[in-house]
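Shown next, in structure tokens, is the structure this report addresses.
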There are 2 protein chains.
Amino acid sequence: MHEDCKAETALEILIGKWKPVILYHLFSNGTMRFSELHKAIPDITKKMLTSQLRELEYHDIVHRKIYPEIPPKVEYSITEYGQRLTPLLQTMGDWGSAHERHLKELYGEDRPAEPLNLKKETTAVQ
Amino acid sequence: MHEDCKAETALEILIGKWKPVILYHLFSNGTMRFSELHKAIPDITKKMLTSQLRELEYHDIVHRKIYPEIPPKVEYSITEYGQRLTPLLQTMGDWGSAHERHLKELYGEDRPAEPLNLKKETTAVQ
DNA sequence: CCGTATCCAAGTCGATACTG
DNA sequence: CAGTATCGACTTGGATACGG
């Protein structure tokens with residue numbers, strides 16, 4: 001962490017392959033059960049869903065309400081504090097959309113999937 | 001990538017352990033040579049500095065100007081398009097600062113470094 | 001239903017040495 | 001000076017099976 005650069009703090013909290021989608025669903029739908037989230041994001045494993053939710057919970061962005069029943073029932077929602085993420089997510093989303101258009105202008109429709117010189121060439125095939 | 005969630009696009013571009021610091025220095029200082037950046041961020045390796053700069057260059061955020069001299073001289077700067085990142089970085093920075101204060105309120109000064117239940121416990125010792 | 005535990009593959013990053 | 005090349009440690013995420 002580099003003291004002066006608080007933008008890193010924001011990144012650290014939002015990164016994690018699934019956090020943005022999870023937040024997207026919770027912001028859109030309000031309260032959701034674990035299984036509902038899982039249905040909404042079919043490709044995530046339960047392990048990942050759990051861990052990402054726990055991290056968001058630690059940061060007071062997501063609230064976890066446990067109903068002591070059998071079978072268990074757990075509901076997730078955005079905390080009141082978590083609502084303050086809205087402008088940030090909005091700004092990120094806007095920039096992201098604009099940037100996709102910009103890349104299209106730069107490289108054309110068939111943009112060559114990140115020719116990042118130093119990364120592996122994924123050896124074509126498949 | 002999940003179509004509806006363009007915030008992911010922004011994350012994808014900004015992540016990379018060093019990109020925020022690099023941008024911070026380039027935004028603050030204007031044009032910088034490779035070696036100046038390296039001095040400003042001593043812990044980064046040349047490999048990492050190069051790769052992060054190349055990714056930013058691909059996204060038209062950073063411009064790379066090569067002087068065909070011996071010894072070589074390369075200057076990096078934020079492109080005009082790259083300036084559009086300013087509001088995003090600002091918003092991220094603001095949220096990051098506010099969030100650090102919030103965590104302090106929640107967990108006190110000696111906040112217990114992310115008790116993320118599912119991550120390894122680094123087996124104490126050392 | 002809502003998770004954990006375990007194991008493994010892939011990716012990321014750092015250290016180091018070398019080059020035009 | 002400004003990189004590349006190579007290797008290995010560490011981290012992250014996915015598959016699968018099991019538990020309260």
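Lettering follows sequence order; numbering is per chain, from 1. Just so it is clear, the model here is predicted, and its values are computed rather than measured.
- For the pair B:M32 CE and D:dG3 P, the interatomic distance rounds to 14 Å; values are reported in whole Å.
- Here the side chains of B:L53 and B:R64 are not in contact, with every heavy-atom distance at 4.5 Å or above.
- With sequence neighbours left out, A:K73 forms a side chain to side chain contact (heavy atoms under 4.5 Å, CB included) with A:R33, A:Y67, A:E69, A:E75.
- Residue B:Y76 is classed as a sugar-phosphate contact, given heavy-atom separations below 4.0 Å to backbone atoms only.
- Between B:E105 atom CD and A:D60 atom CG the span is 10.0 Å, to the nearest 0.5 Å.
- One can place CD1 of B:I15 at 9 Å from P of C:dC13, the figure rounded to the nearest angstrom.
- The interatomic distance linking B:F34 (CZ) with D:dA2 (C1') rounds to 6 Å, in whole Å.
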Protein and nucleotides 14-17 of chain C: nitrogen or oxygen contacts under 3.5 angstrom:
residue : atom : partner : partner atom : Å
C:dG14  : OP1  : B:K17   : NZ           : 2.9
C:dG14  : OP2  : B:W18   : NE1          : 3.2
C:dG14  : O6   : B:K47   : NZ           : 2.2

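- Rounded to an integer number of Å, the gap from A:I41 CD1 to D:dG14 P is 12 Å.
- Atom pair B:L53:CG and D:dC1:C1' shows a separation of 15 Å (rounding to whole Å applied).
- Results of the side-chain contact (heavy atoms from CB on, under 4.5 Å) test with B:Y76 over B:T31, B:L26, B:L56, B:I22 single out B:L26 as the only residue that passes.
- In this structure, the ring of A:Y81 has its center no less than 6.0 angstrom from the ring center of A:H63.
- Comparing A:Q52 and B:E75 against DNA chain D, the residue whose closest nucleotide sits nearer the 5' end is B:E75.
- To the nearest angstrom, P of C:dT12 lies 17 Å from CD of A:E12.
- Atom pair A:E36:CD and C:dC1:P shows a separation of 11 Å (rounding to whole Å applied).
- Using cut-offs of 30° and 60° on the angle between ring planes, the pair B:F34 and B:H38 is perpendicular.
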